[in-house]
Amino acid sequence: MSNTKSTSRSQGSREPQDSRDVEETEETEEAEETEAEEPQGSTDRRAAGGDRRPPLMEVLREARAQLAELTGLVPESVSSFEQTEEGWSLEVEVLELERVPDTMSLLATYQVELDPEGQLTGYRRVRRYERGRADARGR
């Protein structure tokens with residue numbers, strides 16, 4: 001965040017000499033505000049020749065949201081992910097059946113496939129387990 005706009009006004013910095021100075025000052029302030037609002041990687045990605053791959057955290061959030069919309073279940077975490085030639089491959093832990101006590105709730109691991117832009121192309125349940133049970137397979 002930049003304080004240049006409020007600082008220059010409050011400290012009574014030089015007044016613009018003519019209308020060109022006013023326009024230049026406004027354009028500079030607008031550009032600084034726009035740069036401050038954009039994520040760091042977005043401008044770098046555009047400048048690098050149009051690489052369309054979204055940032056990793058955006059991919060993970062979107063994958064969880066898409067899986068929740070399709071299944072109606074609550075994704076709790078992404079336990080693994082990797083970038084593949086076809087896009088992304090993730091394993092998402094999902095709450096399938098909530099029970100009391102919580103340690104008896106049923107969770108499932110879903111294998112989720114995404115295209116390079118982060119859009120879900122397929123999913124399948126690969127395992128189901130109780131929250132309070134240790135993983136016997138060593139995963």
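Positions are given from 1, in the same order as the sequence printed here. Owing to the predicted nature of the structure, the values given are computational and were not obtained by experimental measurement.
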Acceptor/donor pairs from residues 117-126 side chains to any protein atom, 3.5 angstrom cut, sequence neighbours excluded:
residue	atom	partner	partner atom	Å
T121	OG1	E113	O	3.1
R125	NH1	E96	OE1	3.0
R125	NH1	E96	OE2	3.2

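- Across P54 and P116, no two heavy atoms sit closer than the pair CD-O, 3.5 Å.
- Side-chain contact between E86 and D115: absent, with no pair of heavy atoms (C-beta onward) separated by less than 4.5 Å.
- In this structure, Y129 places its OH atom where more than 12 heavy-atom neighbours from other residues, nucleotides or ligands lie under 6.0 Å away.
- To the nearest 0.5 Å, atoms CZ (R133) and CG (L107) are separated by 13.0 Å.
- Within the model, atoms CG of L56 and CH2 of W88 stand 5.0 Å from one another, a figure rounded to the nearest 0.5 Å.
- Between T109 atom OG1 and L90 atom CG the span is 12.5 Å, to the nearest 0.5 Å.
- Atom OG1 of T71 and atom OH of Y110 lie 6.0 Å apart (nearest 0.5 Å).
- Under the 4.5 Å side-chain heavy-atom criterion for Ile, Leu, Val, Met, Phe, Trp and Tyr, V74 and L97 are members of distinct hydrophobic clusters.
- Considering CD of E91 and CD of E82, their distance stands at 9.0 Å, rounded to 0.5 Å.
- To the nearest 0.5 Å, atom CD of residue E93 and atom CG of residue L95 are 11.0 Å apart.
- At a threshold of 4.5 Å between side-chain heavy atoms, the hydrophobic network of Ile, Leu, Val, Met, Phe, Trp and Tyr places M104 and L73 in two separate groups.
- The salt bridge (charged side-chain N to carboxylate O under 4.0 Å, His left out) analysis of residues 61-72, with sequence neighbours excluded, yields no pairs.
- Qualifying salt bridge (Lys or Arg N to Asp or Glu O under 4.0 Å) partners for E76, counting only residues two or more places apart in sequence or in other chains: R131.
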